[in-house]
Amino acid sequence: MSKDSDSSNQMDKIVALCKRKGFIFQNSEIYGGQNGFWDYGPLGVELKRNVREAWWQDMVNMHDPLDAPQGAPTAFQMVGVDTSIIMHPQVWKCSGHYDLFVDKMVDCKQCKSRFRADHLRFKLMVNEIGEPLLAWGYMPGSDDYDWPSSGDKKLQKAAGDAATDDISDVTLDQLTEMPGSVHPHCPNPACRGELTDPRDFNLMFKTIVGALGTEDDAAFLRPETAQGIFVNFKNVVDSSRVKVPFGVAQIGKSFRNEITPRNFTFRSREFEQMEIEFFCHPDSSQQWYQYWRDRRFAWYTSLGIGSERLTLRDHDADELSHYSVGTADIEYQFPFMAEGEFGELEGIAHRGDFDLRSHMEGKLMAKDGKLEVQLDEHGQPKWRGSGKDLTYFDDQAKERFTPHVIEPSAGADRATLAFICEAYYEDEQPDDKGNMQSRTVMRFHPRLAPIKVAVLPLIKKAGMPEKAKELFRSLKSAGIAAQYDEQSAIGRRYRRQDEIGTPWCITIDGQTVDEDNTVTLRDRDTLEQVRLPMEEVVNEISNRLRSQ
RNA sequence: GCGGGUGUAGCUCAGUGGUAGAGCACCACGUUGCCAACGUGGCUGUCGAGGGUUCGACUCCCUUCACCCGCUCCA
């Protein structure tokens, strides 16, 4: 599957434009950069703010809680929270992130089992000069993987004649440091396949809380914003008069040590999420899942993402998390991806009651198709929950239940990148002599465009700058992001605005000053101009922004 | 993590051991006045970083960082 070179050239151009025009810079660039981290420049910050605000407006502020929106099973409420990045370490143990995200892991190449490296020990045989020959793993105290009574004999037989009679007992670290090369083998007595080298799975950023903090005070930067909502479920219910079904929205930074940060901002180690946890009755959760799936897809198309480059993909059964009843990804065909491949913008997951129950009872795991508290070797919960009651009482139906959760989880940076890629466009337009010239234009949806309108005096004299500044100030007073530009020829100024995606340019000319106080309004995409009275400009732009 | 490529002015790039360049952009002045104008003048550089070889390094060698491409990985 070879990558289309046109599309990868296109991505290079987009990255170059982002830098040149101040959308996105590499983080710490003057020091050589920091892999996986990116900064937003003066235009980028406006664009990303607009993405966030469009999401918050559409999901929370403009939501009508009184009647069922189109496609929704019933009416529902939407509220927001803003929770902190560092949370109690137990949160991540119950959420399941800790087990999967923190430790060095080894995989068996043969039986595909995965083990925590620090849980394994090895019985080792060496030759006369102390070089390791064969190492079989085991897990002390484990039901399945402890060292079997027949282990020594079998190991000696497998190691062959070159081995001495001594069997030593080492950790994986000790084994790795020994001279020569020996591959550790699987602790499963029925397998004994070769293990991979230990690989870091420190996918959560670790930090220390407290100035004198020790390893005991380790905490983590959140790998998702969702847990801040779950742990506040009871607070929100008790304080805001919401009734199930309702959603809680949050926008915030999350952190993951991606193994391979790549593709511009697509896979960043610090990124921003826009998440909703929607709490509903178990009986209606499938309908709500469908509703959010469709609604979130429509959100992207309503802001200008072409549906031919956007897909809604349902996860296969083997792709689903152990607790998820259903998950769909909204994916966009980024220019850096191979033909036919898509990158995830948002996942809509039906999480059942996994999260609330985990924070009540302790970390859950699937057993025989049911979620049960995961136990340690002593039969105690492996990771203890809060013990707090996070069930919900419906006082109309007189029913107590644990709500099910639908989670539409979007990446703000990925959405921003998709809007940038989608907006990038090259066309040909005539210059002043009628010759066709190539033009680069960012065709942002007006709601997302960093600058909504540019005010341009046709020439830098004859009273035009004064008029233009007057109009510029009234636009700014109305809260409309505007730019004033009197520098260089008018055609060049139009092209400058095209390149940063400004949807409209207002030009003040001789007619404005000498005759009737009308100005021209030029459209970025069609290049058409209409004339309107200067005093109507603020209203006209406001109306256009509202209606688009 | 492995392999390949790239890194020089704000941007795109040329320069391969001997005084760092071009185009565009930007700024000033003049002329023109609705879609990348023209003229004149001007500004801009830790040559990604560190070390080495050399009388002398953008150039050769080593190390390192970042980005791109292909594998690998991706809760």
Side-chain angles (χ1 to χ4, degrees), chain A residues 1-5 8-9 11-13 15-22 25-38 41 92 95-102 105 107 114 196-204 223-224 226 254 256-264 266-267 269 319-324 327 336-338 343-344 347 349 409 427-441 456-462 464 487-499 505-512 519-524 526-529 531:
Chain A
M1 197 164 330
S2 73
K3 183 179 302 197
D4 184 346
S5 70
S8 100
N9 287 344
M11 196 61 213
D12 289 346
K13 288 185 197 169
V15 173
L17 182 138
C18 282
K19 188 186 174 189
R20 183 161 41 88
K21 289 296 173 185
F25 306 125
Q26 194 184 356
N27 171 264
S28 309
E29 192 186 9
I30 61 168
Y31 285 105
Q34 182 79 350
N35 195 339
F37 298 90
W38 300 89
W92 308 113
S95 73
H97 290 89
Y98 184 84
D99 288 343
L100 285 163
F101 269 37
V102 163
M105 310 290 279
D107 295 309
R114 176 169 287 174
T196 60
D197 290 335
R199 286 184 283 197
D200 278 321
F201 275 71
N202 294 295
L203 297 193
M204 280 199 291
E224 63 173 33
S254 293
R256 297 179 195 181
N257 263 319
E258 295 291 350
I259 296 166
T260 313
R262 203 172 276 198
N263 288 332
F264 204 27
F266 182 77
R267 181 164 282 134
R269 286 172 163 153
E319 219 180 334
L320 292 175
S321 308
H322 55 284
Y323 49 77
S324 182
T327 298
F336 51 74
M337 312 203 93
E344 180 184 348
S409 171
D427 63 9
E428 297 222 320
Q429 298 296 346
D431 64 14
D432 60 338
K433 297 183 184 64
N435 299 318
M436 297 308 279
Q437 299 284 346
S438 73
R439 175 179 82 133
T440 299
V441 52
L456 316 170
L458 185 61
I459 56 173
K460 205 174 12 173
K461 58 187 175 190
M464 294 180 208
Q487 210 65 256
S488 76
I490 187 69
R492 183 174 296 282
R493 281 178 277 164
Y494 285 144
R495 299 298 168 90
R496 272 207 284 261
Q497 294 300 329
D498 291 340
E499 219 178 357
C505 290
I506 308 288
T507 303
I508 283 74
D509 57 14
Q511 188 177 332
T512 319
V519 299
T520 62
L521 189 161
R522 176 252 195 197
D523 183 90
R524 176 193 68 201
T526 63
L527 274 60
E528 281 166 9
Q529 286 177 285
R531 198 162 259 286

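Lettering of chains follows the sequences in order, A, B, ..., and the numbering in each one begins at 1.
Taking atom P in both B/rU19 and B/rA25, one finds a spacing of 30 Å when rounded to whole Å. Taking atom P on both B/rC43 and B/rC27, the two are 16 Å apart, rounded to the nearest angstrom. Straight-line distance between the P atoms of B/rC35 and B/rC69: roughly 39 Å, to the nearest whole Å. One P atom belongs to B/rC58, the other to B/rA9, and the distance between them is 15 Å to the nearest Å. To the nearest whole angstrom, the two P atoms, one in B/rC60 and one in B/rA14, are 14 Å apart. Look at the P atom in both B/rU46 and B/rA37: the space between them is 30 Å, to the nearest Å. Here, B/rG17 and B/rG52 have their C1' atoms 16 Å apart, quoted to the whole Å. Separation of the P atoms belonging to B/rA22 and B/rA28 is 22 Å when rounded to the nearest angstrom.
A 4.5 Å side-chain heavy-atom check between A/Tyr494 and A/Leu527 finds every atom pair outside the cut-off.
For the atom pair SG of A/Cys505 and CZ of A/Arg495, the computed distance is 11.5 Å after rounding to the nearest 0.5 Å. Rounded to the nearest 0.5 Å, atoms CD (A/Gln34) and CD (A/Gln26) are 9.5 Å apart. In this structure, CD in A/Gln511 is found 9.5 Å from OG1 in A/Thr520, a value given to the nearest 0.5 Å. Summarising the geometry, atom CG belonging to A/Leu456 is positioned 9.0 Å from atom CZ belonging to A/Arg522; distances are rounded to the nearest 0.5 Å. Here the straight-line distance linking atom CD of A/Gln529 with atom CD1 of A/Ile506 works out to 10.0 Å at 0.5 Å rounding. Expressed to the nearest 0.5 Å, how far CD1 of A/Ile490 lies from OG1 of A/Thr507 amounts to 4.0 Å.
Between A/Phe266 atom CZ and B/rC68 atom P there is a gap of 13 Å when expressed in whole angstrom units. Rounding to whole angstrom units, OH of residue A/Tyr494 and C1' of B/rA37 are separated by 15 Å. Atom CG of A/Asn27 is separated from atom P of B/rC67 by 10 Å (rounded to the nearest Å). Atom CZ of A/Arg496 is separated from atom C1' of B/rC24 by 13 Å (rounded to the nearest Å). Between A/Leu17 atom CG and B/rA25 atom P there is a gap of 16 Å when expressed in whole angstrom units. Between the C1' atom of B/rG70 and the CG atom of A/Asn263 lies a distance of 12 Å, rounded to the nearest Å. Taking atom CZ of A/Arg495 as the reference point, atom C1' of B/rC24 lies 15 Å away to the nearest angstrom. Rounded to whole Å, atom C1' of B/rC65 lies 9 Å from atom CD of A/Gln26.
Using a 4.0 Å heavy-atom cutoff across all strands shown, A/Gly343 reaches no nucleic acid atom at all. At a threshold of 4.0 angstrom between heavy atoms, the contacts of A/Asp498 with the nucleic acid are absent. Looking at heavy-atom distances under 4.0 Å, A/Thr520 makes contact with a base. Within the 4.0 angstrom heavy-atom criterion, base atoms lie near A/Arg267.
Not counting sequence neighbours, the partners of A/Asn27 by the side chain to side chain donor-acceptor pair (under 3.5 Å) test are A/Asp39. In terms of the salt bridge (Lys or Arg N to Asp or Glu O under 4.0 Å) criterion, residue partners of A/Arg496 (sequence neighbours excluded) are, by chain and number, A/Asp485. With sequence neighbours excluded, the residues that form a side-chain contact (heavy atoms from CB on, under 4.5 Å) with A/Ser409 are A/Gln273, A/Glu275, A/Glu407. Qualifying ring-ring contact (aromatic ring centres under 6.0 Å, His included) partners for A/Phe264, counting only residues two or more places apart in sequence or in other chains: A/Trp38. When the salt bridge (Lys or Arg N to Asp or Glu O under 4.0 Å) test is applied to A/Arg492, no partner is found at least two apart in sequence or on another chain. Residues passing the side chain to side chain donor-acceptor pair (under 3.5 Å) test with A/Arg20 are A/Glu499, sequence neighbours excluded. With sequence neighbours excluded, the residues forming a salt bridge (Lys or Arg N to Asp or Glu O under 4.0 Å) with A/Asp509 are A/Arg531, listed by chain and number. Partners of A/Arg269 by salt bridge (Lys or Arg N to Asp or Glu O under 4.0 Å), not counting sequence neighbours: none found.
Scanning RNA chain B for stems, defined as runs of 3 or more consecutive Watson-Crick or G-U wobble pairs whose donor-acceptor distances all fall under 3.5 Å, gives the following ranges: B:1-7 with B:65-71, B:10-13 with B:21-24, B:26-31 with B:37-42, B:48-52 with B:60-64.
One cannot find a donor-acceptor pair under 3.5 Å joining the base of B/rC34 and the side-chain atoms of A/Arg522. The base of B/rC34 lies close enough to the side chain of A/Gln529 for a donor and an acceptor atom to sit less than 3.5 Å apart.
Its glycosidic angle being within 90° of 0, B/rU16 falls on the syn side.
Not one side-chain nitrogen or oxygen of A/Asn257 sits closer than 4.0 Å to the OP1 or OP2 atom of B/rC74. Look at A/Arg492 and you'll find a side-chain N or O under 4.0 angstrom from OP1 or OP2 of B/rA25. Using a 4.0 Å cut-off, some side-chain N or O of A/Asn35 falls inside it from OP1 or OP2 of B/rC67.
Comparing A/Ser488 and A/Val15 by the nucleotide of RNA chain B that holds the closest heavy atom to each, the one mapping nearer the 5' end is A/Ser488.
Between A/Trp92 and A/Met204, the closest heavy-atom pair is CB-CE, 3.9 Å.
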What does the list of N/O pairs under 3.5 Å between the protein and nucleotides 44-46 of chain B look like, with a distance for each?
none

Please list, for nucleotides 4-11 of chain B, all pairs of protein and nucleotide N/O atoms separated by less than 3.5 Å.
unit_1	atom_1	unit_2	atom_2	d
B/rC11	OP1	A/Lys19	NZ	2.5

Can you give me the N/O atom pairs linking the protein to nucleotides 28-32 of chain B at distances under 3.5 Å, or say none if there are none?
unit_1	atom_1	unit_2	atom_2	d
B/rA28	OP2	A/Gln487	OE1	3.3

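Closest to the A/Asp12 side chain, of the nucleotides B/rA37, B/rC68, B/rC69, is B/rC68.
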